Number of protein chains: 2
Amino acid sequence: MIKDDARGVALLQYVLNRYGLFMGRPIRTRRQATLASLAAELGVSRTTVSNAYNRPDQLSPELRRRVLETARRLGYAGPDPVARSLRTRTAGAVGLLLTENLSYAFRDPAAVGVLEGLALACEDAGVGLHLVPASPGREDVAAVHRAGVDGFVVYSVPDDDPHLAAVLARPVPTVVIDQPAIEGVDRVGPDDAAAITELAGHLVDLGHHQVGVLCMRLSRDRNDDFASVERQRSAHFHVQRTRLSALAKKFEAAGVAWSTVPVVERFEHTVDEGASGARQLLDAYPQVTALICTSDILALGALAEAGRRGLRVPGDLTVTGFDGIAEATRAGLTTVHQPVLEKGKAAGKLLLATNEHMTPRVVTLPTELRVGATSGPPRTAEELWFGP
Amino acid sequence: MIKDDARGVALLQYVLNRYGLFMGRPIRTRRQATLASLAAELGVSRTTVSNAYNRPDQLSPELRRRVLETARRLGYAGPDPVARSLRTRTAGAVGLLLTENLSYAFRDPAAVGVLEGLALACEDAGVGLHLVPASPGREDVAAVHRAGVDGFVVYSVPDDDPHLAAVLARPVPTVVIDQPAIEGVDRVGPDDAAAITELAGHLVDLGHHQVGVLCMRLSRDRNDDFASVERQRSAHFHVQRTRLSALAKKFEAAGVAWSTVPVVERFEHTVDEGASGARQLLDAYPQVTALICTSDILALGALAEAGRRGLRVPGDLTVTGFDGIAEATRAGLTTVHQPVLEKGKAAGKLLLATNEHMTPRVVTLPTELRVGATSGPPRTAEELWFGP
DNA sequence: GTGAAAGCGCTAACAA
DNA sequence: TTGTTAGCGCTTTCAC
């Protein structure tokens with residue numbers, strides 16, 4: 001009985017809808033066709049219509065043709081993706097959390113490379129890539145909850161970011177890139193400590209003892225200034241913290257007291273800010289012979305500033321970067337190259353591999369020290385007095 | 001009665017689930033908590049739990065606290081986004097269709113600019129940006145149907161692409177960028193014809209009559225070769241077709257028979273392919289005095305090739321581009337600048353503006369001819385014989 | 001090859 | 001302030 005009533009109502013509703021009416025209301029917009037209305041129009045069951053789209057082999061070609069034909073006539077574009085997702089429990093998309101400024105993400109070739117790699121992996125698997133709107137400023141975590149995705153990739157996010165916490169709370173798999181290890185979460189990234197230690201070794205071997213560092217933002221609060229050792233230690237950006245601590249360790253081992261090494265921080269990650277950071281550092285510490293930058297973008301700015309000051313590179317000043325972006329290569333920068341495209345791809349593959357795995361997986365990417373034309377031995381005392 | 005039965009079953013199911021059981025089945029994985037199970041646990045209705053998340057003012061702070069607390073205890077991360085989307089009829093995301101190779105989209109600064117602008121607009125509105133996995137090769141349109149989005153932005157897609165047709169069939173608003181006008185669809189783009197006509201005028205004024213053109217792919221089939229007038233006319237990439245026909249018109253008006261103008265096409269949009277295209281064109285038509293490229297990327301390649309041949313620019317050869325990307329500016333390229341970031345932003349705003357509008361809206365972006373150091377008067381006959 | 005029944009997990013009138 | 005009711009549009013056993 002109940003079923004019959006329900007059907008009767010559904011039918012009535014359907015008829016009204018067809019004529020652009022709502023129950024008891026004046027004419028409005030014509031309702032969209034649904035799988036049910038299509039079935040009613042055809043006089044078949046919803047199953048059959050569903051099969052026409054999802055299991056073509058489950059019904060006669062003739063019937064299928066009729067279904068599709070009628071669908072076209074009614075302007076029905078196929079099963080509603082959201083309803084399907086609810087029913088099948090898969091969204092067909094992965095989310096990307098990226099709390100940095102978008103302008104950073106799209107302007108740093110290294111970040112774009114990661115994005116591209118991830119997008120490629122998604123494309124291969126036929127799943128969408130959902131960019132979660134999460135600006136660093138906004139505390140509103142709702143966007144994370146609203147994202148209909150089967151998993152998340154988290155990239156370049158401070159470890160105390162509320163969005164990250166929100167992602168981890170969601171009952172879907174997660175992969176982090178360049179982030180600290182998290183219990184039960186897959187991880188992708190280079191061995192930052194080893195890579196920059198090798199770079200530091202290169203500088204030590206050249207004879208540098210008076211070094212300075214130019215790094216990206218260490219925490220969510222802005223500090224376009226020198227960063228104390230304490231601030232370095234408590235940095236919330238894993239990559240920066242790791243690189244700084246590895247540098248500290250290496251230089252301490254080489255007899256350089258880390259507390260005497262100036263570290264300048266910049267919130268915005270641009271070439272101009274790199275130049276400004278280099279200016280600030282060199283103004284205060286003109287005796288520095290090597291400027292270690294934690295990214296190529298910053299290093300390019302430092303090179304520009306060196307040029308502005310009339311410093312020859314590497315004669316007067318050694319400059320190094322990190323990432324190995326194309327423009328750095330063209331500039332002959334000494335840097336550490338990391339395979340950014342692979343980073344994104346690996347993250348995507350990890351997330352999309354359905355393999356049941358017990359322990360969280362870790363992909364460590366190879367890096368390569370690329371000695372370019374911007375690093376050389378420091379000025380000696382004689383050179384300082386008598387010229388090179 | 002029926003209702004009571006349903007509740008009884010739900011309750012039983014819930015109790016079983018809590019203990020990691022399925023009805024009649026052995027132990028499996030513990031089911032995820034849902035709004036309903038949370039409500040049962042608390043002894044309140046589902047509405048109340050829903051309100052705790054969506055309408056905090058609809059219940060007492062104390063009860064809300066209890067709900068959230070219990071949610072945490074049960075590992076409930078908030079209402080399922082897909083179910084919510086189904087119910088509210090909004091996905092909180094816009095789709096981006098981009099059938100070009102992803103590697104193109106992420107490597108051309110102009111395309112990245114559009115992407116960034118769109119992402120910024122989405123972020124402002126708090127909606128996600130869903131990249132639809134649609135490689136140019138795959139005919140499989142399912143990804144378009146599977147995308148749970150409230151609207152689509154279509155960028156740089158051939159007008160006969162099946163993915164585009166699939167998007168238009170979906171009952172959601174759509175905005176196209178750099179695409180031909182489509183009945184009932186909003187559109188964003190520069191006035192390509194006017195822009196390149198101005199550029200052509202600049203060349204005509206300089207006295208160029210022997211020109212050649214290097215353009216991006218015209219259709220989905222690969223043709224790394226000269227493009228006949230017929231092929232130009234029937235191109236499926238709107239932007240390329242528009243630019244070529246505007247050039248034809250302008251040069252015909254200046255007394256140049258377009259059929260005599262060599263047009264070389266390249267499928268891949270890279271600097272290297274630009275160089276190879278220039279090589280092919282100049283090998284066959286060494287008398288050309290101006291090479292018009294339909295993008296800066298191609299033009300940069302052409303410049304490289306000119307250098308390789310020992311041609312001075314603009315003394316021996318004038319080269320022009322289109323887009324106004326940063327690297328082109330640095331190279332002093334004569335080009336047409338278009339505001340790519342604004343293009344993406346405008347598309348996003350158009351899509352997200354809920355304003356009821358009757359007629360499709362069109363945003364025409366301003367362009368600017370930027371005369372750089374790569375365009376000058378052609379060699380005269382005397383110069384050819386006696387040197388400049 | 002086709003259909004009936006049972007939800008997926010949630011929200012939003014409307015009632016109490 | 002809280003609960004009841006009625007689906008959103010679809011897929012999927014399981015019968016027929």
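The figures here come from the full heavy-atom set of this structure, side chains too, leaving out hydrogens, waters and symmetry mates. On a predicted model such as this, the values are computed, not experimentally measured, just so you know.
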Review point. Under the salt bridge (charged side-chain N to carboxylate O under 4.0 Å, His left out) test, which residues partner B/R72, sequence neighbours left out?
Key: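 With neighbours one apart ignored, the set is B/E69.
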Practice item. Name all residues meeting the salt bridge (charged side-chain N to carboxylate O under 4.0 Å, His left out) criterion together with B/D160; count only those two or more places apart in sequence or in a different chain, and write none if there are none. Key: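 Here the qualifying residues are B/R220.
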Practice item. Start with the C-alpha distance between B/Y155 and B/L115, add both sets of side-chain angles, then the distance that settles side chain to side chain contact (heavy atoms under 4.5 Å, CB included), and finish with yes or no. Key: CA-CA 9 Å; B/Y155 174 55; B/L115 210 61; over 6 Å; no
Review point. Just how far is it from atom CG of A/L118 to atom CD of A/E123, taken to the nearest 0.5 Å?
Key: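 A/L118 atom CG to A/E123 atom CD measures 11.5 Å (nearest 0.5 Å).
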Review point. What is the distance from atom OG of A/S85 to atom CG of A/D150, rounded to the nearest 0.5 Å?
Key: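 Between A/S85 OG and A/D150 CG, I get 7.5 Å after rounding to 0.5 Å.
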So [Y] and [X], do their side chains get closer than 4.5 Å, heavy atoms only?
X	Y	result
B/E116	B/L120	yes
B/L96	B/H130	no
B/T99	B/S156	no

Check your understanding: With sugar-phosphate meaning primed atoms plus P, OP1 and OP2, does B/L59 contact a base, only sugar-phosphate, or nothing at under 4.0 Å between heavy atoms?
Key ->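 Counting heavy atoms under 4.0 Å across all strands, the contact made by B/L59 is with sugar-phosphate only.
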Practice item. Mind checking A/V82 for me? I need base, sugar-phosphate or nothing, with any heavy atom below 4.0 Å counting as a touch. Key: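 Since no nucleic acid heavy atom lies under 4.0 Å of A/V82, the category is nothing.
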Review point. Which letters describe nucleotides 11-16 of chain C, given B = protein heavy atom under 4.0 Å from base, S = only from sugar-phosphate, - = neither?
Key: BB----
Review point. Quick one: is C/dG9 close enough that its OP1 or OP2 comes under 4.0 Å of any side-chain N or O from B/T34?
Key: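 B/T34 to C/dG9 OP1/OP2: no side-chain N or O under 4.0 Å.
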Review point. Is B/Y53 near enough to C/dG9 that one of its side-chain N or O atoms lies under 4.0 angstrom from OP1 or OP2?
Key: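 No, outside the criterion.
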In whole angstroms, how far is the [atom2] atom of [N] from the [atom1] atom of [X]?
X	N	atom1	atom2	value
A/R146	C/dC10	CZ	C1'	13 Å
B/L86	D/dT11	CG	P	12 Å
A/L42	C/dG1	CG	P	17 Å
B/H145	D/dG9	NE2	P	17 Å
B/R89	D/dG7	CZ	P	15 Å

Exercise for review: Find the bend of the helix from C/dG1-D/dC16 to C/dA16-D/dT1 as the angle between its two terminal axes (five pairs each), to the nearest 10°.
Suggested key: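 The angle, to the nearest 10 degrees, is 30°.
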Exercise for review: For DNA chain D, determine which residues of residues 60-72 of chain B have any heavy atom closer than 4.0 angstrom to one of its atoms, and list them numerically.
Suggested key: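 Heavy-atom cutoff 4.0 Å gives B/S60, B/L63.
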**Study point:** A/R64 bridged to A/D57 by N-O distance under 4.0 Å
**Key:**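 Answer for the salt bridge query: no.
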**Study point:** Salt bridge present between A/R73 and A/E41 (N-O < 4.0 angstrom)
**Key:**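 The answer is yes: the pair qualifies as a salt bridge.
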**Study point:** Residues which pass side chain to side chain donor-acceptor pair (under 3.5 Å) with B/D159, listed by chain and number, not counting sequence neighbours
**Key:**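 Once residues adjacent in sequence are excluded, the partners of B/D159 under the side chain to side chain donor-acceptor pair (under 3.5 Å) criterion are B/H236, B/R241.
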